[in-house]
Amino acid sequence: MTKSYLRLIDHKLLIILILAFIASPILCGVNKYIICLAYSHYLTVYLNNIFLLFTYQYTYRLNQFTHPLITRIGYDRFYSHSYFFIVGMGFLYHLIIYIGYYVFFGPILPEDLILTICFMVINLMIAGIECSIIYLQLGKKKNFIYLVLPIFINFVFHFLWIKFF
C-alpha cells in the first residue's frame, strides 16, 4: 500500500525541495539556530511554500487514483491512510528541517532553548493544520484555494511570531 502512495510523489518538486534545503546555510548566512529557523524569511518564503506545493501536487495526483484505491481497500481505509500519510509527510519534513538546521547551524543555545522548543511545537501544529487543509482537496476537483490558504496561514504565523517574539 505504501508503494502506491510513494509512486505519486512529484520527483521534480522533491529535487527542488532538497536543493533548496541544502542551500539553507548559504542563504541564511552564518547565524544561530533560532534565527535561521524562526526569524529567517528563507524558511517561510521558500522552503515551506515549496513543501506546501509538493503536498498539493501529491494530493492532486492521489485524487486521480481515488476510485481504484477505494475499490481495492475500502472508503474509510483509503481516506484514513491518505490523511495520515499526508500529515505524516508534513511532520517528517519539519523534523528533517529541525535536524538539518542542527547540523548546519550547531546546537541550540541555552538562552534560546525554551523559545526554540516553543516555536518547534507550534510550527508542527501549524504544519498539521496546513496539511489537513490540503488533504481536504481529496475527492474534489483541483482548486487553488487548497494551496493558497495554507500558504497564507504559513505567512501569518511567521509574521505574528516575528512581531510578538
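Annotation: Tyr46, atom OH; neighbour count of heavy atoms from other residues, nucleotides and ligands within 6.0 Å does not exceed 12. Phe159 CZ: more than 12 foreign heavy atoms inside a 6.0 Å radius. Within 6.0 Å of the CZ atom in Phe152, the count of heavy atoms belonging to other residues, nucleotides or ligands does not exceed 12.
When all heavy atoms of Leu17 and Leu47 are compared, the closest pair comes out as CD1-O, 3.7 Å.
Side-chain atoms of Tyr101 never come within 3.5 Å of backbone atoms of Ile96 as a donor-acceptor pair (strictly under, hydrogens ignored). Checked by atom type and distance alone, the side chain of Ser40 never pairs as donor or acceptor with a backbone atom of Leu37 at under 3.5 Å.
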Ile70 and Tyr79: CA distance, side-chain angles, deciding distance, side chain to side chain contact (heavy atoms under 4.5 Å, CB included) verdict: CA-CA 8 Å; Ile70 288 175; Tyr79 281 104; 3.9 Å; yes

Full working for side chain to side chain contact (heavy atoms under 4.5 Å, CB included) between Cys28 and Phe105: CA-CA 10 Å; Cys28 275; Phe105 303 111; 3.8 Å; yes

From CA spacing to verdict: side chain to side chain contact (heavy atoms under 4.5 Å, CB included), Tyr39, Phe119: CA-CA 10 Å; Tyr39 299 109; Phe119 175 81; over 6 Å; no

Verdict with supporting geometry, Tyr146 and Tyr135, ring-ring contact (aromatic ring centres under 6.0 Å, His included): CA-CA 8 Å; Tyr146 294 112; Tyr135 165 79; over 10 Å; no

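Distance CG/Leu115 to CH2/Trp161: 5.0 Å, rounded to 0.5 Å.
Counted by atom type alone, Gln57 and Lys142 present one or more donor-acceptor pairs between their side chains at under 3.5 Å.
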